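A short worksheet on the structure shown next.
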Amino acid sequence: MSTVLSEGKKQERRLGWLLCAPAAVVMVAVTAYPILYSVWLSLQRFDLKFPDERQFVGLDNYVTVLSNGYWWTAFGVTMLITVVTVAIELVLGMGLALIMHRTLVGRGLVRTAALIPYGIVTVVAAFSWRYAWTPDTGYLANLVTPDGAPLTERAGSLAIIIVAEIWKTTPFMALLLMAGLALVPDELMRAASMDGATWWQRFTKVMLPVMKPAILVALLFRTLDSVRVFDNIYVLTAGANETSSVSMIAYNNLLRGLNLGIGSTMSVLIFLTVALIAFVFVKLFGTAAPGASDEGRR
Amino acid sequence: MGDTPRKGWRALAATVLVTVPLAACGGQDDGGPPTINFYNPPVENMQTVIDECNAAANGRYQIVYRVLPRGADDQRVQMVRRLAAEDPSMDVLGLDVTWTQEFAGAEWIREWTGADAAEVRDGTLPGPLESATYEDRLYAAPNNTNVQLLWYRSDLVPNPPRTWDEMIAQAQQLKAQGRPYQVITMGAQYEGLVVLYNTLVASAGGAILSEDGKTAVLDDGAVRALDVLKRFATAGVTSPSFTNALEDPARLEFQGGNGAFQLNWPYVYPAMQEAAPDLARTVRWARYPGVDANTPSRVTIGGTNLAVSAYSRYPAESFEAARCLRNAEHQKYAAINDGVPPTIEAVYAEPEMAEAYPMKDVILAELQDASVRPLSPAYQNISTVMSATLSPPGDIDPESTAEQLRQEIQDALDSKGVLP
């Protein structure tokens with residue numbers, strides 16, 4: 001800055017930096033270092049099984065992964081799960097949010113009940129889904145598909161994974177949307193109904209535009225979350241029948257295959273995908289992280 | 001400075017916080033005998049063997065049984081994670097035969113040398129010993145082994161087939177007569193299919209990898225094996241669930257009565273006597289069928305090896321403990337009580353073995369010229385691509401499937417393989 005600062009201001013600024021430093025160091029240590037390290041690993045042939053063959057290979061690993069059918073199958077599965085779950089969750093979450101917002105009796109109880117699926121540890125919930133869909137032990141398998149084992153087929157497995165994801169995270173979506181509903185002023189709704197707007201018109205013309213920032217934030221959070229889908233797949237199918245997501249396949253190559261080079265390459269690609277989605281949401285749709293800009297601050 | 005005493009307290013607190021947990025990890029610096037942590041899959045009567053070894057050690061060391069998870073993948077992931085972090089609290093490791101090369105290649109386990117190695121080599125069957133060798137050096141002590149046998153219904157099949165072609169022909173004949181005819185074995189997309197294919201390749205005199213394990217060859221024998229596998233899968237003699245069958249479902253299906261033949265591990269026999277005693281009376285066993293009439297089959301072995309972690313603080317004691325755990329007496333005990341076939345040849349001649357293993361002569365005959373799965377640190381990856389490429393076996397086209405396997409296995413060897 002070109003403006004001349006007084007001695008006191010300068011000291012204040014230095015103190016500011018000093019106070020920030022520990023947080024900045026921690027951020028670098030826990031976030032930046034692992035990311036940079038995996039970028040560095042992704043440029044090497046580094047397979048724990050062959051420690052002597054470690055060498056720098058440039059972008060070879062990226063060529064290997066990006067020209068591999070398994071990777072693109074997993075990418076397709078991840079995108080399918082993301083698009084379908086987020087779309088359904090938005091609709092269901094909105095319904096749930098409206099119910100929770102308007103409930104007059106037992107408000108606390110209704111909200112608590114709706115949040116239970118989100119509170120259960122995903123792996124535990126996934127196990128109960130798995131048993132529910134296993135013939136003989138499971139009530140759902142016997143009820144819905146008396147002769148089949150849906151978890152042994154691709155379409156059935158994907159549908160079950162999607163249902164489990166929706167069941168788990170719809171409450172989270174509803175929670176974020178409920179915060180948005182609180183932004184809609186009651187007098188605005190009353191004025192609209194005085195003007196003769198139907199319920200649907202009030203919902204689409206008044207509520208949704210006012211809620212837009214909250215909806216976009218909810219969509220962003222859920223999209224990023226479901227791109228990283230792992231636990232449900234790990235428990236339900238372990239990636240069998242081409243149901244691996246990108247996180248699952250990266251785990252398989254890193255921890256089962258011990259191939260740090262290829263596994264890190266996949267992790268970097270997942271990171272780039274997530275970053276791209278966040279960029280699109282923020283720049284193109286104008287999603288604002290809470291407190292990031294004036295619109296976001298509200 | 002007024003805050004010096006407080007600093008002193010803080011330093012003391014920090015020292016206590018750091019050193020107390022560390023000391024808890026150490027555990028044996030108090031002068032007691034070293035603890036040898038033995039990481040092994042769950043085995044029912046393992047503790048008895050360990051107690052005997054601890055008594056024999058006479059206070060020089062104390063073996064503690066650390067039970068690994070039940071699933072093979074979970075066992076491997078736990079060990080791999082801790083070895084990659086150079087965890088010094090693992091000493092003796094119970095490894096599946098297919099992991100030995102991988103752990104040796106990663107320099108996670110110690111080579112067996114001198115008197116330790118000589119004792120292990122002495123009297124141990126060649127197949128299990130080969131599975132414990134990496135680049136001509138011994139890296140583990142074979143603890144137990146296993147081979148599949150041919151089980152057949154003597155009321156339907158008077159003479160057991162010696163080759164796959166004979167077996168297919170006999171099954172087709174039974175089918176034409178309207179009698180139970182199925183050949184039941186494991187054909188799902190998993191390790192069991194790789195084992196089946198590996199047995200066929202070895203029986204046809206072929207090879208999947210080169211001698212040094214660095215190149216994928218898939219020679220004529222390997223192509224012939226693909227042809228046999230395809231003919232078997234398309235001859236109309238398999239059960240409808242062949243392409244989805246694992247060990248236990250295959251056993252249950254045979255017990256259900258539609259099968260004339262079953263290719264499976266020896267455990268199916270005691271299980272059958274308990275669950276289907278009428279059927280068990282008619283069931284006999286024979287050597288696994290071969291590819292050529294004049295060449296006996298070479299069957300793939302399973303089993304576990306004992307290795308010593310490279311990060312163990314007590315290597316000498318660990319080697320001694322491992323030797324005790326797998327000595328002839330304890331292998332006999334494990335065979336009789338836990339049902340796992342021994343790796344020391346002399347044990348098969350023990351009189352108690354006849355009752356526990358009525359089929360011990362066939363098992364021993366198969367073990368004497370058994371085959372091992374491709375010996376490479378990259379076996380996990382090779383196995384994954386092989387099971388994916390071979391499944392379903394009915395879709396095999398011998399020449400082009402061999403070419404695809406050659407390409408994918410070579411990629412796995414060059415660390416370019418991507419696991420699905």
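Here the structure is a predicted model, which means the values were calculated and not measured. Residue numbers start from 1 in every chain, and the chains themselves are labelled A, B, ... in the order their sequence lines are given, proteins ahead of strands.
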**Item:** Engaged part of Ala388(B) at the chain A interface, taking heavy atoms whose separation is under 4.5 Å
**Value:** side chain

**Message:** How close do Pro51(A) and Ala106(B) get, counting heavy atoms only, and between which atoms?
**Reply:** CD-CA, 3.9 Å

Would you enumerate the inter-chain donor-acceptor pairs between chain B and chain A whose distance is below 3.5 Å?
{"unit_1": "Arg76(B)", "atom_1": "NH1", "unit_2": "Arg256(A)", "atom_2": "O", "d": "3.0"}
{"unit_1": "Arg76(B)", "atom_1": "NH2", "unit_2": "Arg256(A)", "atom_2": "O", "d": "2.4"}
{"unit_1": "Asn381(B)", "atom_1": "OD1", "unit_2": "Lys49(A)", "atom_2": "NZ", "d": "3.3"}
{"unit_1": "Leu413(B)", "atom_1": "O", "unit_2": "Arg45(A)", "atom_2": "NH2", "d": "3.4"}
{"unit_1": "Ser415(B)", "atom_1": "O", "unit_2": "Asn259(A)", "atom_2": "ND2", "d": "3.0"}
{"unit_1": "Ser415(B)", "atom_1": "OG", "unit_2": "Arg45(A)", "atom_2": "NE", "d": "3.1"}
{"unit_1": "Ser415(B)", "atom_1": "OG", "unit_2": "Arg45(A)", "atom_2": "NH2", "d": "3.0"}
{"unit_1": "Ser415(B)", "atom_1": "OG", "unit_2": "Asp47(A)", "atom_2": "OD2", "d": "2.9"}
{"unit_1": "Leu419(B)", "atom_1": "N", "unit_2": "Asn253(A)", "atom_2": "OD1", "d": "2.8"}
{"unit_1": "Leu419(B)", "atom_1": "O", "unit_2": "Asn253(A)", "atom_2": "ND2", "d": "3.1"}
{"unit_1": "Pro420(B)", "atom_1": "O", "unit_2": "Asn252(A)", "atom_2": "ND2", "d": "3.0"}

**Request:** Please look at Met266(A) and chain B and tell me whether the side chain, the backbone, both or neither of the residue comes under 4.5 angstrom of a heavy atom of that chain.
**Result:** side chain

**Request:** Just jot down the ring-ring contact (aromatic ring centres under 6.0 Å, His included) partners of Phe242(B), sequence neighbours excluded, or say none.
**Result:** Phe232(B)

**Message:** Heavy-atom cut-off 4.5 Å, strictly under: side chain, backbone, both or neither for Ile262(A) against chain B?
**Reply:** side chain

**Item:** Heavy-atom proximity to chain A below 4.5 Å, by part of Leu83(B)
**Value:** neither

**Asked** Quick one: what part of Ala378(B) sits under 4.5 Å from any heavy atom of chain A, side chain, backbone, both or neither?
**Response** both

**Flag if over 12 foreign heavy atoms under 6.0 Å of CZ, Phe279(A)** = no

**Asked** Contact part of Val80(B) toward chain A, heavy-atom cut-off under 4.5 Å: side chain, backbone, both or neither?
**Response** side chain

**Asked** Which residues pass the side chain to side chain contact (heavy atoms under 4.5 Å, CB included) test with Leu260(A), sequence neighbours left out?
**Response** Phe46(A), Leu48(A), Leu254(A)

**Message:** Tell me every residue that passes salt bridge (Lys or Arg N to Asp or Glu O under 4.0 Å) with Arg66(B), counting only those two or more places apart in sequence or in another chain.
**Reply:** none

